[in-house]
Protein chains: 2
Amino acid sequence: MQTAGDGVIYAQEDPAQSVYQVISGAVRTLSHTDDGRRIIHGFHLPGEIFGLEREKLHLCSAEAVCDARLVRCGRARLQALADEDLRAAEAMWWWLLLSRDRTAERLHFLTRANAIDKVADFLIDIAQRTGSDGRIELPMSRYDIADYLGLSPETVSRAFSALRDKGLIACRGRTVVILEAGFRRIPARTRGAARQAEADRSLRPSPLAPLAVAQPQ
Amino acid sequence: MQTAGDGVIYAQEDPAQSVYQVISGAVRTLSHTDDGRRIIHGFHLPGEIFGLEREKLHLCSAEAVCDARLVRCGRARLQALADEDLRAAEAMWWWLLLSRDRTAERLHFLTRANAIDKVADFLIDIAQRTGSDGRIELPMSRYDIADYLGLSPETVSRAFSALRDKGLIACRGRTVVILEAGFRRIPARTRGAARQAEADRSLRPSPLAPLAVAQPQ
DNA sequence: CGGGGATTTGATGCGCCTCAAGCTCCGTGG
DNA sequence: CCACGGAGCTTGAGGCGCATCAAATCCCCG
C-alpha cells in the first residue's frame, strides 16, 4: 500500500487487524496527552515493523511522515506463520523482546540525558538504522523530533545549532552530516549498551519471509 | 528460594538461566550509567515476574529490596511449557506485549510529567499492584524511588511533603495513605491510558500454572 | 515576487539538581 | 535506661537547563 505525507495509516482505537512493514519513506506512531500535546512513540524506517498490538484496538495512531510504501500482514496470517513454523515463532518472540529492551533503554536515556545528548543520540540512531555512514536526510520536522524526544521544538533547534558550533555535525535544514566519530558514543547510556547495540546490528537472519530483518519499535 | 534485604539475586552480565516470580517481599532490577549513577528499572511485587531476557546474559542486576521469597523457573522448563501448551504460549506472548506497553507508557509519563505527578503516579501504581485501597507500606527507600523515577532523593522527599501539604496523602516514613480519590487520575497520561489500566486490572486467567497471574515489568 | 510554514534566535521565568544543614528514628553500648 | 551514632529523611539556598513567549529569518513553492 501507498500513503502520502501526513496521511493516516490507522487511528488510535481503530481495530488492530494488521502488522505493517515499511518499504520506503517513514512512519510515525503517536498519541495525545489529555491536555492535547502530541507524543510521538517512534519513527519507523524502511525494513522496520510496527502495529503489533496486545489488544483488539490500536493504542496509538500511525501516520506517514512523508510519502511511504508499506506492506500489510494480517493478524491471522501472522498467527498462521507462527503456528506452522517454529523458527518464525521464535523470531517473533525474539523481536518482541528486542523491542521491549529498546524501549527500556530509551526510557533511561530520555530520563537522564540533557537536550544536546538526546538530539545527538537521535541522529546517531537514525544514521545507524538507515545504514548511513554519516550523511542523513531527515524525513521528519523539528517538531516531530521534539515530540519524540520530549523537548520543545526551540530546544531541538538550539541543540542542532550547538552540535554544529561544536563541529560535531554539519547541517542545513534536514540534511545532516555526522562529522565526529568520537561523538558516536554518548555518555549517560547504561553500561553494556554499546555491546548490546553491537549485537543488534548483526541481526540474526529471520525466517519471517515477507517481513524480513525486523527492526522493532 | 529466600533472599535477605539488599541481597543480590543475579548480577548484570550473569548468564540468564531462569525466570523468577516474587512470592513475598519486593525486588528491584537495576543497572548503572557509565558515570556510576544507579538506574532502577523496576520494582517487582508479590505475584509479579522478572528476569526474562532476550540474550544469554542478564542486561541488569536484580536485588531484594527487603527480605523476599521467590520461585525460580528454568528457561528450559518455560520453553517446554510453551511448546506443549498453546494457551501457555499465548499467555506468555500476551504478557510480554503488556510489559512492552507498560514500559512505553512509563516512558511517556516520565518524559513529560513534573516531579510531584511522578511521585503521585508511583504511589497510585504501587497501591494498585498491591491491591491496596489506599494504605501502603513502601518497602523501598526514597533513594530507590528517586533512581526509579529519574529524580534526586531531595526532590522525591519534597514531592511527598507537597502531596501531604495538599492533603492528598498522609505519610509517616514509609507508611503512606492515599486520601483523595480524585487524586487517582493523574494528568499528562496519554489518552486511553485509563481504559487500558482498567483492562489490565481484570487480568485474564493465565495457564502458566506455577507462574500464575503474571504482572509484567 | 509574495506568502506561509519551518526553523532559528533572543529574553525571561520556573522547576529540578546540587550543595549544605538539620532532623527523626532506631539500634547499640555504656 | 539513657547517651551516642549513623542512616534515612527533610528542609533550605543557589544555580543551571529547558519551556515559554516573542520575533526575526530562511526557504520552498506557487
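Just so we're on the same page: letters track the sequence lines, and every chain starts at 1.
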Task: Boundaries of the DNA chain D segment in contact with chain B, non-hydrogen, under 4.0 Å - done: D:dG8 to D:dA13
Open item on the list: For the backbone of B:S99 and the side chain of B:T103, can you confirm whether one donor and one acceptor N or O come within less than 3.5 Å of each other?
Closed with: yes
- [ ] Spell out protein contact along nucleotides 13-18 of chain C as letters: B when the base is contacted, S when just the sugar-phosphate is, - when no protein heavy atom is under 4.0 Å; keep the 5' to 3' order.
- [x] ---SSB
TODO: Classify the nucleic acid contact of A:F160 as base, sugar-phosphate or nothing, counting any heavy atom under 4.0 Å across all strands shown.
DONE: nothing
Task: Nearest-0.5 Å distance, NZ of residue A:K118 to OG1 of residue A:T155 - done: 9.5 Å
- [ ] Output yes when B:D117 and B:R112 qualify as a salt bridge under the 4.0 Å nitrogen-oxygen rule, no when they do not.
- [x] no
Open item on the list: Strictly below 4.0 Å: does A:R174 bring a side-chain N or O up to OP1 or OP2 of C:dA6?
Closed with: no
Task: Distance under 6.0 Å and angle within 45° of ring axis: A:R28 vs A:F50 - done: no
TODO: Tell me yes or no: between the side chains of A:E53 and A:H58, is some donor less than 3.5 Å from an acceptor?
DONE: yes
Open item on the list: Need one value for B:S141: base, sugar-phosphate or nothing, where a base atom within 4.0 Å counts as base even if backbone is also close, heavy atoms only.
Closed with: sugar-phosphate
- [ ] Return yes if some donor-acceptor pair links the side-chain N/O of A:Q2 with the main-chain N/O of A:R69 below 3.5 Å, else return no.
- [x] no
Task: Rounded distance (Å) that lies between atom C1' of C:dG5 and atom CE of A:M140 - done: 18 Å
- [ ] List in chain and number order the residues that pass side chain to side chain donor-acceptor pair (under 3.5 Å) with B:R142, two or more places apart in sequence or in another chain; answer none if no residue qualifies.
- [x] none
Open item on the list: Looking only at side-chain N and O atoms, does A:T175 offer a donor or acceptor that is under 3.5 Å from a partner on A:E137?
Closed with: yes
